[in-house]
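Read the numbers this way: they start at 1 and go in the same order the structure lists the ligands and their atoms.
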Amino acid sequence: MTSTQARRMRRPVLQAEVDAGAGCVGAHPDMFFRGDGAPLLVWQEQRTEALRFCHGCPARAACEELALRDGDGTNHDDMVRGGRSGTELAARRKAQARRISAAIAADTASGEEWNKLTDLTAKLHRAAGLNRRLEFQAQHNERVDELRADLAAVRSARRARTGWEVAA
Ligand code: SF4
């Protein structure tokens, strides 16, 4: 995955890719984390085993991108995610700090936008389903048009910002 592709990939898309293809589904989750006080040699073996899962995983790139956006990994060698050790993730996050903070900001904005879209759609459906009396027809049509225009504006902004052809 190139950095441009990763930036444009919205969090739900990345998460869906991991949910559909995670190679570690059958593995014990503890395998990916160093136990408290676990000796280095024990952890090294465990880490190698965990990385073996990741290296054959079809969702590795998406998983790594989510790990970077989630802030996983520190200077302590104590975890594996997305085919990287915790220290590798920390180094990559530092090297790509600008791109990752832009991706996180886009994820957050996208969440707020999604809520707005859902809210506008519900309002539009409610307005369209109202029992209309003739004398209120013009006012009602105006309100429906207004909601439609608001929805279109949110969708257009979303398309323009994310580079996606079709707004989800
Ligand atoms: S890359 Fe590794 S941690 Fe991520 S889903 Fe695949 S196997 Fe699991």
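Residue C54 has at least one heavy-atom neighbour below 4.0 Å for each of these atoms of ligand 1: 1 (S), 2 (Fe), 3 (S), 7 (S). Residue R60 has at least one heavy-atom neighbour below 4.0 Å for each of these atoms of ligand 1: 1 (S). Short contacts between ligand 1 and A22, defined as distances under 4.0 Å to a heavy atom of the residue, involve ligand atoms 5 (S). Close approach of ligand 1 to C63 is summarised as follows: ligand atoms under 4.0 Å from at least one heavy atom of the residue are 1 (S), 3 (S), 4 (Fe), 5 (S).
The backbone N or O of G82 lies less than 3.5 Å from a partner atom in the side chain of R60, making a donor-acceptor pair.
Atom 6 (Fe) of ligand 1 has its closest protein heavy atom at C57 SG, 2.3 Å.
The minimum heavy-atom distance linking F32 with F53 is given by the pair CZ-CB, 4.2 Å.
Contact of the L66 side chain with the R81 side chain is registered, since non-hydrogen atoms from C-beta on lie closer than 4.5 Å. Side chains of R92 and E64 form a contact here, defined as non-hydrogen atoms less than 4.5 Å apart. Side-chain contact between L40 and R34: present, with at least one pair of heavy atoms (C-beta onward) separated by less than 4.5 Å.
Here C24 fails the criterion, with no N, O or S atom under 2.8 Å of atom 2 (Fe) of ligand 1.
For the ligand labelled ligand 1, residue A59 lies outside the 4.0 Å heavy-atom shell.
Between R11 and D70 a salt bridge is recorded (basic side-chain N to carboxylate O distance below 4.0 Å).
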